[in-house]
Amino acid sequence: MQNSDKIGSRQFVILVTFITIGDSILILPSVPATEAGHDGWLSGLIGMALGLAIVYLFCVVGRIYPEQTLIEKNKLIFGRWLGTVFSILFMGAVLINGAVYIRTIGDFMTTHIMKATPIQAVMFLLVACAIYAVRLGLEAFARTSEIFFLWFVLTFVLFFLLLTPQFQFVNLLPFLENGMKPVIRGVFSVTAFPFSELVIFLMMTPLLDAKQKLTSAFLRGAIYGGVCLLAVIFLSLLVLGPELVSRETFPSYSLAKRVHVGEFFQRQEAMMALMWFVSIYFKVVLYMYGFCIGIKQLLHLKEHQSLTLPICILFVAIAIIIVPNQAFLYETYTYWPFFDLTIGFLYPLILIVGYWIRKQMNNKPATLQK
């Protein structure tokens, strides 16, 4: 991959953390609470462990032809025609996921904050900011993420501390009231939503300046983001209770309304919304950037900057077309994990198996970095 952008391992960790948190910080707590009730935290804990296994799978794929993006790996492993088919399918998944993130932002903003604003205006405003970041390249917005990261961590810790007086540990009891089956159903979604969507980083691994640190950087970022999401699940259950969390569309936003210190520091939901907006903004930018790079390589173009405007408009158009209304979006959450795990688990496995078969056929040493 010929690209002048380079990012350090610390920047890679921060980006992985932001993308893991992404939209999940607002919507994820309701999923395990709906399935497992009081034991939703256990679904989050097991889901995080399985999610880290998926991230390690991404690291294995990243060490196959380490100087190539996922699009280039497809052609090297599966050949020109079959590799192109896999690449088109992957790019379609990236487009759909990115469009859904944009639609989620639009629905949230027009439902809770800017109720009189058309959803199209909110989405185009986000995309306009994303266009600028995508045109500047990965290195520029990776450095920007470092600026926001410290503020994000301090704000999150402050929320946690301010809500501790409202903890009701009785909300976590009784333990395993309905056995392990509901817990396992909750695990499925917790694993799929935040962790399998990190597959987009396989488009950026060639830009990591210290590729020998890929595994440690990838896992550290996923752990940081996973711990943050697990803390949000705990907070939601302890403060709101499983019944209320399961009925809320954005439980973390409702959680922020419970912050109350005296009569001068209260109702900090706008700060929670801003935290979520920052994390999902980087997720949208990264998905758009990965899509632009993929199209550039599929069409053998010299640079991706000329693609940013039409592609970003395409993302908004898809967001409007595939999600006609908010109720439809929430209904898709029941089967969306299958889609995510197909792209984030089954597809990398096929890549690894295809690489092993090609290596056996060629009977040559593998170009797998250790």
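- In the model, Asp23 has no side-chain atom that pairs as donor or acceptor with a side-chain atom of Thr104 under 3.5 Å.
- Taking the six-membered ring for Trp, Tyr101 and Tyr287 have ring centres closer than 6.0 Å.
- At a threshold of 4.0 Å, the pair Arg247-Glu243 does not count as salt-bridged, since none of the basic side-chain nitrogens sits closer than that to a carboxylate oxygen.
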Apply salt bridge (charged side-chain N to carboxylate O under 4.0 Å, His left out) to Lys6 and Glu139, showing your working.
CA-CA 6 Å; Lys6 288 292 180 182; Glu139 185 175 355; over 6 Å; no
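- Rounding to the nearest 0.5 angstrom, the gap separating the CZ atom in Phe18 from the CZ atom in Phe148 is 8.0 Å.
- Taking the six-membered ring for Trp, His112 and Tyr253 have ring centres closer than 6.0 Å.
- Distance CZ/Arg103 to CG/Asp107: 4.5 Å, rounded to 0.5 Å.
- Ion pairing between a basic and an acidic side chain is recognised when a charged N comes within 4.0 Å of a carboxylate O; Lys296 and Glu303 show no such pairing.
- With Phe291 as the partner, the side-chain contact (heavy atoms from CB on, under 4.5 Å) test is satisfied by one option alone out of Val94, Ile200, Leu307, Asn97: Val94.
- Here Tyr56 and Phe218 keep their ring centres 6.0 angstrom or further from each other.
- Looking only at distances, no side-chain donor or acceptor of Ser145 sits under 3.5 Å from a matching main-chain atom of Leu15.
- Atom CZ of Phe159 sits about 7.5 Å away from atom CG of Leu163, to the nearest 0.5 Å.
- Remark: the Gln360 side chain and the Tyr355 side chain contain no N/O donor-acceptor pair separated by less than 3.5 Å.
- Side-chain polar atoms of Thr69 and Gln297 form a donor-acceptor pair below 3.5 angstrom.
- In this structure, Ile64 CD1 and Leu76 CG are separated by 11.0 Å, a value rounded to the nearest 0.5 Å.
- The closest side-chain donor-acceptor pair between Ser254 and Glu248 falls under 3.5 angstrom.
- Aromatic ring centroids of Phe108 and Trp276 lie under 6.0 Å apart.
- The distance from the CG atom of Leu89 to the OH atom of Tyr347 is 8.5 Å, given to the nearest 0.5 Å.
- Thr17 and Arg220 share no donor-acceptor pair across their side chains, judged by distance under 3.5 Å alone.
- Taken to the nearest 0.5 Å, the CD1 atom of Ile343 stands 8.5 Å off from the CD1 atom of Ile96.
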